[in-house]
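Next up is a structure, given as structure tokens.
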Amino acid sequence: MSRPSPGDELWLRRFHPADSPTARLVCLPHAGGSASFYLPVSAAMGPGVDVLAIQYPGRQDRRMEQPIDDLTVLVDRLYEVLRRQPELPLTFLGHSMGAAIGFELTRRFEADGTTPVRLFASGRRAPSTFRQEETFRSDDAILAEVRRLSGTASALLGDEEMMRAALPALRADYKAIEAYRCEPEAVVDCPITVLTGDNDPKTTLGEANAWAIHTTSPLDLRVFPGGHFFISERSKDVMAVLVEHFRQEHARTAG
């Protein structure tokens with residue numbers, strides 16, 4: 001671990017700071033998403049968990065910054081920030097684009113000698129599965145896709161001006177994730193829990209199960225009722241999975 005940099009806090013939101021944490025949960029937003037998406041997760045975790053919700057450039061309080069439209073660059077920046085944090089057992093939670101980012105961060109940490117405790121990959125098909133998508137090339141296509149997936153608060157969806165203001169970040173994120181490619185041979189040792197909705201147009205059950213080829217550990221697949229944003233629709237059930245994970249980890253390390 002190297003020393004924290006003054007700019008690191010731009011990336012990190014601790015909505016409920018833990019005084020003496022024994023574990024860390026890094027929450028990675030979806031395309032167009034922001035750190036505040038994970039406020040419910042932060043509130044649900046116990047005092048022993050240091051919950052870091054990531055704020056990408058180009059949104060909310062970072063809206064004046066240029067968003068990053070290359071997933072590799074975004075992961076590299078995040079890796080440098082996270083490796084400067086005080087060392088704690090590390091769990092990743094990423095939804096949609098955030099799941100791919102979580103996988104790539106896991107690869108970087110493992111290459112550096114640190115295996116995260118677990119990756120929760122939510123609402124995203126396996127890294128090596130491919131769909132031809134070029135939503136980012138058209139603003140109207142981006143807005144139509146966001147409305148189709150209902151990934152933004154309903155009030156914002158009905159506000160054309162606000163939606164247009166969010167376009168730079170949305171465009172960059174869609175470009176980053178739609179250009180992302182991962183070879184089938186990319187494997188981590190970290191256990192992976194896949195969270196998926198049974199009616200998600202972005203991820204079939206087969207595509208969710210395909211995460212199994214990317215870990216040397218057994219895959220844990222959890223299917224919830226709902227669409228792409230089942231993680232919000234079924235938040236109580238998802239939180240229960242996360243709370244149980246940290247309970248088990250605490251028991252294992254304490255024993």
Between D220 and R222, does at least one N-O distance fall below 4.0 Å, as a salt bridge requires? yes
Rounding to 0.5 Å, atoms CG (L119) and OG1 (T193) come to a distance of 8.0 Å
Can you tell me if T129 and E207 form a side-chain donor-acceptor pair at under 3.5 Å?
-> no
Open item on the list: Closer than 3.5 angstrom, by distance alone: can the side chain of R124 be matched with the main-chain N or O of H95 as a donor-acceptor pair?
Closed with: no
ring-ring contact (aromatic ring centres under 6.0 Å, His included) filter on Y79, not counting sequence neighbours, yields F109
Do we see a donor-acceptor contact under 3.5 Å between the side chains of Y180 and E104? yes
Quiz prompt | Donor on one side chain, acceptor on other, E183 and S128, under 3.5 Å | solution = no
Joining Ile, Leu, Val, Met, Phe, Trp and Tyr whenever any side-chain heavy atoms lie under 4.5 Å apart, the cluster holding F15 also takes in L39
Using only atom types and a distance under 3.5 Å, with no angle test, would you say the side chain of S42 pairs donor to acceptor with the backbone of Y38?
no
Side chain to side chain donor-acceptor pair (under 3.5 Å) pairs touching residues 17-26, sequence neighbours excluded, are R24-D50
Side chain R63, main chain Q60, donor-acceptor under 3.5 Å = yes
Q.
With heavy-atom distances below 4.5 Å as the criterion, would you say the side chains of V188 and H214 are in contact?
A. no
(request) Spell out, as yes or no, whether a donor-acceptor pair under 3.5 Å connects the side chain of T253 to the backbone of E249. (result) yes
Margin query: Would you say F37 ends up clustered with I142 if hydrophobic residues are merged whenever their side chains have heavy atoms under 4.5 Å apart, either directly or through other cluster members?
Written below: yes
#### Entry: Any donor-acceptor pair under 3.5 Å from T215 side chain to S217 backbone
yes
| R77 CZ: over 12 foreign heavy atoms closer than 6.0 Å | no
Judged by modelled atom types alone, do T216 and D189 share a side-chain donor-acceptor pair under 3.5 Å? yes
